[in-house]
Number of protein chains: 2
Amino acid sequence: MNIGEAAAASGVSAKMIRYYETIGLIAAPGRTAAGYRVYGENDLHTLRFIRRARDLGFSVEQMGELLALWRDRSRASADVKRLAERHIAALDRKAEQLLEMSRTLRRLVHECHGDRRSACPILDDLAESADEGDDRRRLVSTITSQFGDRGR
Amino acid sequence: MNIGEAAAASGVSAKMIRYYETIGLIAAPGRTAAGYRVYGENDLHTLRFIRRARDLGFSVEQMGELLALWRDRSRASADVKRLAERHIAALDRKAEQLLEMSRTLRRLVHECHGDRRSACPILDDLAESADEGDDRRRLVSTITSQFGDRGR
DNA sequence: CTTGACCTTTCCATTATGGGAACCTTCATC
DNA sequence: GATGAAGGTTCCCATAATGGAAAGGTCAAG
């Protein structure tokens, strides 16, 4: 099976399959005399595994860990569980951040008439409430030299 | 005020201030004879506006739109509201995707003993449930019949 | 006048993905 | 056998937003 067929059968694009190969996530497959990559059933399993993990939001690095655990017959399921739980926590954290932004924005939108007049609490808030907290300011000036400040 | 002070006072890193300048999000400020960038109160307002918008998850492009609306005395608040509402929807959509992943993973984790044994429904699921979709499955069985399996 | 903190520009790296060019291979069809 | 379409190969480029590092100029305090 060549790369296009493997892509269609796994749901991972040919482009990404080659990429995963270059970064060492998957092994280099055999080649035909003409240089075409040749994939077999095992490769397909791996690719499907990868697509599924990717759909669950795992990073390439985490997929590497998962693949290693998958192939390791002697690993304890606790290892897998730990990885999954950490990922769940990260997903929830990110989601919560987004929802927090959404709530804030929703509050502002609620106060905005949204008519043809120009008064707009949304912009007013963006313009003014931006310098909340002197701690932050002090913190920033003290810290930014040594740590990257991403202010979140 | 030079760039370091502007950064500390706005919460936007010096690096990012320069970046925003190169991409045209903010205007190039004046310079001292030595070439140092010089910022004034107005610039500071803009930078604070930017940081606040960034904290709300707006992209650079959207910040550009917001800035334009902010500076445009004649714009209708409805324009701002529309932009904000679209952004709220996008935030909610992303959050929902993350939560959906989280839920799926949580379900799998729930079924995993997480002990020293190797049985692990998480990996099993990743390995197996990946081939939903009949097109794909049909394709696979058609294709794999003609090629020997050359795994790794 | 030296020192250290700050400024300048330029280049590189990150993550995961896609696009495109230039060129070669396979295969079906005329 | 020639031809063209479809698909393979590599290599380079681009994305969004951010940081890091290098090499060098500037400023204020000692």
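In what follows, chains are A, B, ... by sequence order, proteins preceding strands, each numbered from 1. Worth knowing before you read on, the calculation uses all heavy atoms, side chains too, and leaves out hydrogens, waters and symmetry mates.
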Check: A:Leu98 main-chain N/O paired with A:Ser102 side-chain donor or acceptor under 3.5 Å: no
Under 4.0 Å between a Lys/Arg side-chain N and an Asp/Glu carboxylate O for A:Arg106 and B:Glu85? no
Just how far, in rounded Å, is P of D:dC27 from CD of B:Glu5? 14 Å
Within the supplied structure, the quantity of interest is the number of heavy atoms (other residues, nucleotides, ligands) at a distance under 6.0 Å from B:Glu61 CD; does it exceed 12? no
Roughly how many Å is it from CG in B:Asp55 to C1' in D:dA17, rounded to a whole number? 14 Å
Counting the atoms with a prime plus P, OP1 and OP2 as sugar-phosphate, which does B:Ser59 contact under 4.0 Å by heavy atoms, base, sugar-phosphate, or nothing? sugar-phosphate
Should B:Ser13 be listed as having a side-chain N or O under 4.0 Å from OP1 or OP2 of D:dT18? no
Whole-Å distance, B:Met63 CE to D:dA16 P, equals 12 Å
OP1, OP2 of D:dG25 versus side-chain N and O of B:Tyr36: anything below 4.0 Å? no
Whichever of A:Ala34 and A:Met16 has its nearest DNA chain C nucleotide further upstream toward 5': A:Met16
Ignoring backbone atoms, establish whether A:Arg54 has a side-chain N or O less than 4.0 Å from OP1 or OP2 of C:dA16. no
For B:Ile50 and D:dA17, what is the distance between atoms CD1 and P respectively, to the nearest whole Å? 12 Å
D:dA17 P sits how many Å from B:Phe58 CZ, rounded? 13 Å
Considering heavy-atom distances to DNA chain D, does A:Ala14 or B:Lys15 have its closest nucleotide positioned more toward the 5' end? A:Ala14
Output yes when at least one side-chain N/O atom of A:Arg18 is less than 4.0 Å from OP1 or OP2 of D:dT9, else no. yes
Nearest-Å distance, CD (B:Glu21) to P (C:dC7)? 14 Å
Sidechain N-carboxylate O distance under 4.0 Å for B:Arg18, B:Glu21: no
Measure from CD1 on A:Ile3 to P on C:dC24 and round the result to the nearest Å. 20 Å
Whole-Å distance between C:dT14 P and B:Tyr19 OH? 18 Å
Quick test of your reading of the model: are B:Glu65 and B:Arg82 salt-bridged, counting only N-O distances below 4.0 Å? no
Is the phosphate of D:dT26 approached by B:Arg37 (side-chain N or O, under 4.0 Å from OP1 or OP2)? no
Of the nucleotides C:dA16, C:dC7, D:dA21, which one has an atom closest to the side chain of B:Asn2? C:dC7
